[in-house]
Amino acid sequence: MQEFDKISIAEISKKDMLMIIEALEYTGKKTNIDSFLALKQNILKELSQLADTSEEEFLKYLEEEHSLCLND
């Protein structure tokens, strides 16, 4: 197996990314393990910086894309 320090998220769909973010938040709140919430926040921060937008706007963007998929 090849070693690597970073993983690219280029192949993760917006729907899957939203699910990961929501799962981290849910797990962090239900288990009271702050590292899940911190990881969620770090991922959201990095993605919003890449998109050159606020964390709130990026999360809203993911949620809007997901709601469009549900309506199809």
Measuring from [X]:[atom1] to [Y]:[atom2], what's the distance to the nearest 0.5 Å?
X: Tyr61; Y: Leu18; atom1: OH; atom2: CG; answer: 11.5 Å
X: Lys60; Y: Glu63; atom1: NZ; atom2: CD; answer: 9.0 Å
X: Glu11; Y: Asp16; atom1: CD; atom2: CG; answer: 11.5 Å
X: Leu59; Y: Glu64; atom1: CG; atom2: CD; answer: 10.0 Å

Task: Cluster check Met19, Leu62: I/L/V/M/F/W/Y, side chain < 4.5 angstrom - done: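 No, it is not one cluster - the side chains of Met19 and Leu62 are not joined through contacts under 4.5 Å.
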Task: Same apolar cluster (I L V M F W Y, side chains within < 4.5 Å links), Tyr26/Ile33 - done: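 No; tracing contacts between hydrophobic side chains, which count when under 4.5 Å, never links both residues.
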Open item on the list: Run the side chain to side chain donor-acceptor pair (under 3.5 Å) test against Thr31 and tell me which residues pass, sequence neighbours left out.
Closed with: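 Residues passing side chain to side chain donor-acceptor pair (under 3.5 Å) with Thr31: none at all.
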Check: residues 36-49 side-chain donor-acceptor pairs under 3.5 Å, at least two apart:
unit_1	atom_1	unit_2	atom_2	d
Gln41	NE2	Glu55	OE1	2.3
Asn42	ND2	Ala38	O	3.4
Ser48	OG	Leu44	O	3.1
Ser48	OG	Lys45	O	2.9

